[in-house]
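Computed from a prediction, not measured in an experiment: that's the story for all the values here.
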Amino acid sequence: MRPSLPLFPSLPSFAPRSDLFAALTLAAIAIPEQLATAQLAGLPAAQGLIVFAVASVVMVLVGRNPTLSVGADSTIAPLIATALAAMGAMPGDPALLAAMVGAMLFVVWLLRLEWMAELLSKPVTSGMLAGIAVHIFVGRLPVALGLSLPPGSPIETVPALWDASGQARLAPFVMAALITLACVIGAAVNRRLPIPLSALVCAIAVAAFADPSGEIFPRIRGVAGDAGLHWPALSAARAIDLLPTALSITFLCLSQTTVVLRTSGADSAPERRNAFGALALANLATAAGGGFGVNSSPPRTQILRESGAGSQLAGLGAALIGLALLGLGAGVLTNLPAAALAGVLSYIALHLLSSARLHDLIRRSSSEGAIALATAGLVILLPLQYGLPLAILLSLVYASMPLFQSQVVELHNVPGTTVWWRRPASDEEPERYEGVLVLGITSPISFANASGIMNGIRRHVAAMPGAHLVVLECAGVLAVDLTGADRLGALIEELRGRGLVVALARLEAPHAQDDLARSGLLSTLGEKFVFQSVDAAIGILGGPADKPVT
């Protein structure tokens, strides 16, 4: 059956009062967040509200989850800004990047590649979030200090801040710090409180009355007039330059959307497939409108869920309120200080850092905590367009590490049972069968670990000179590639040449059975040497000498 995206799937659960309340609550949080995120992406602030509205329309049309919020997102915005700055952004480049991300997500949906979302491990995802949080926080410091510095990585920005510290201003820094503090306190009391919007209103009032010329509190740009929308640039060369960034953003979208669905208890295969398809169309739609890329948002989704939203109309309502404010209140927004949005973004950075939960990872697993810290270091020390792809590569290497690990363990019979275990289940001494060696193989057998597994079997055989029957317990063997099958076959012939009988037991995985059948090993070994249990192998091949030794 081919995947499909039915129209208006969330509307059957539409609840007028709940959706209206959720829309008002979300608008109070999302409007300042979307303005700030567009600035974080290096684009006019108004564009944040526009892409939020476009994405919300798409979600009403095809979004199945009633509370999944899609729009400008602070996780991917720094990556957009860094990539565009590095290549010397031209009009249409942000839309081209959004189109590439949308196309990649569409391929994931079309080919049912939802499993790709799992390629980013928890420590790598946590490290990436922590690194992006540092990028956001350090990147907003010049704005909060009233300085005009070119965008760059943290290791570029910090020395530049030091050199320009004599020109720093206290007033915008105090404003940014107070807004960050207010947002943190408001979130701790109740996430639905409109603290960010209220803080921006206060900042506008202070700036309008105390600094009408904008000398003390420099204003943001891009809330009136041209919103910076441009059709995608049709350039193969620029698409190639943006490809690493597009891949990184796609992986972030897949990973973050999966986390959002999992947190909301809606991470079923149909829900995930629909969410990826809707996210793909949202990015393609924002690109068609000349905007930048969008992503699902954990905090906005949580707000909609806590507010009792019944359908995607709640998110659309919040977006329409934002557009109305943009159209009717653009003159007021021109007095919005840049330091105020820097304060909102600093709060977002703190939220991302908290979500990373690095301390919890380090406490629970020192090795995975080290991977998270290494990932954060890559993202912080390198430009994002290079650091994030390397972090994703680190995740893939981490995921493949078990393929290179091999362990062969000697198994003993648990007294009074047919269970064979590495250690006895009680304090009793395990029963030992004279001349019988039972070895458990605990991993798939591949080119990466075949030598280690074969050498492990040889070591155990050498440690029992009187062995005449070797039973390989294969419950942990999920797959066997040709290299692994050839080396296992060669070892079996080697042991047979030394007078030992070799049998396989509990080769349960269908994939491993097919692999060994295709390789010819099962026919070479012979069906009479393949058993469903260790006891069956010993009972038939062991002979009278193989009585338990007491």
Side-chain angles (χ1 to χ4, degrees), residues 29-30 32-43 45 48 71-82 85 125-145 147 149 151-158 160-161 172-188 191 195-197 199-200 203 220 248-249 252 255-256 259 295-300 302-303 337-360 372-373 375-384 387-388 391:
I29 306 297
E33 178 212 26
Q34 295 295 286
L35 292 170
T37 304
Q39 288 273 287
L40 183 60
L43 297 165
D73 179 63
S74 56
T75 306
I76 65 174
L79 190 53
I80 295 172
T82 304
T125 301
S126 296
M128 290 168 67
L129 287 177
I132 290 172
V134 173
H135 267 272
I136 295 173
F137 189 79
V138 175
R140 294 302 98 187
L141 275 178
V143 178
L145 293 170
L147 301 173
L149 297 178
S153 67
I155 59 172
E156 295 171 334
T157 302
V158 170
L161 276 173
F173 178 78
V174 171
M175 174 179 284
L178 288 175
I179 288 178
T180 301
L181 181 62
C183 290
V184 169
I185 294 174
R191 286 185 177 275
I195 298 300
L197 185 60
L200 292 192
I220 65 167
S248 298
I249 292 176
L252 282 174
S255 177
Q256 186 159 298
V259 170
N295 190 13
S296 59
S297 167
R300 291 200 309 271
Q302 182 177 350
I303 287 169
L341 284 187
V344 173
L345 284 169
S346 296
Y347 160 67
I348 292 173
L350 292 175
H351 175 75
L352 287 177
L353 192 59
S354 174
S355 300
R357 299 182 64 84
L358 287 179
H359 64 285
D360 184 57
L373 292 175
T375 303
L378 283 174
V379 175
I380 293 170
L381 297 177
L382 297 176
L384 276 174
L388 277 178

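Atoms CD and CD1, on Gln302 and Ile29 in that order, are 11.5 Å from each other to the nearest 0.5 Å. With rounding to the nearest 0.5 Å, the separation of CG in Leu378 from CG in Leu373 is 11.5 Å. With rounding to the nearest 0.5 angstrom, the CG atom of Leu341 is 6.0 Å from the CG atom of Leu200. Between atom CD of residue Gln34 and atom CG of residue Asp73 there is a gap of 8.5 Å, rounded to the nearest 0.5 Å. Between the OG atom of Ser126 and the CG atom of Leu352 there is a distance of 11.5 Å, given to the nearest 0.5 Å.
When all heavy atoms of Ile195 and Ala182 are compared, the closest pair comes out as CG2-O, 3.2 Å. Across His135 and Leu382, no two heavy atoms sit closer than the pair NE2-O, 3.8 Å. The shortest non-hydrogen separation linking Thr37 to Ser74 is CG2-N, 3.7 Å. Of all the heavy atoms in Ala340 and Ala203, the pair that sits closest is CB-CB, 3.7 Å. Gly42 approaches Ala81 most closely through the heavy-atom pair N-CB, 4.0 Å. Pairing each heavy atom of Ala176 with each of Ala144, the nearest pair is CB-CB, 3.8 Å.
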Starting from the C-alpha separation in whole Å, work towards a yes-or-no answer on side-chain contact (heavy atoms from CB on, under 4.5 Å) for Thr375 and Thr125. CA-CA 8 Å; Thr375 303; Thr125 301; over 6 Å; no

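You'll find the side chain of Leu358 stays beyond 4.5 Å of the side chain of Leu129, heavy atoms only.
Qualifying side-chain contact (heavy atoms from CB on, under 4.5 Å) partners for Ser346, counting only residues two or more places apart in sequence or in other chains: Phe137, Arg140, Thr180. Applying the side-chain contact (heavy atoms from CB on, under 4.5 Å) rule to Leu79 yields the partners Thr245, Ser248, Ile249, Leu252, Leu384, Leu388; only residues at least two apart in sequence or on another chain are considered. Remark: Val138 pairs with Val134, Pro154, Thr157, Val158 by the side-chain contact (heavy atoms from CB on, under 4.5 Å) rule, at least two apart or across chains. Partners of Leu353 according to the side-chain contact (heavy atoms from CB on, under 4.5 Å) rule, which considers only residues two or more places apart in sequence or in another chain, are Ala130, Ala133. Remark: Arg300 engages Glu33, Ser69 in a side chain to side chain donor-acceptor pair (under 3.5 Å) (not counting sequence neighbours). Scored by the side chain to side chain donor-acceptor pair (under 3.5 Å) test, Ser297 finds no partners at all (sequence neighbours excluded).
The backbone N or O of Ser296 sits less than 3.5 Å from a side-chain atom of Gln256, completing a donor-acceptor pair. Side-chain atoms of Ser355 come within 3.5 Å of backbone N or O of His351 as a donor-acceptor pair.
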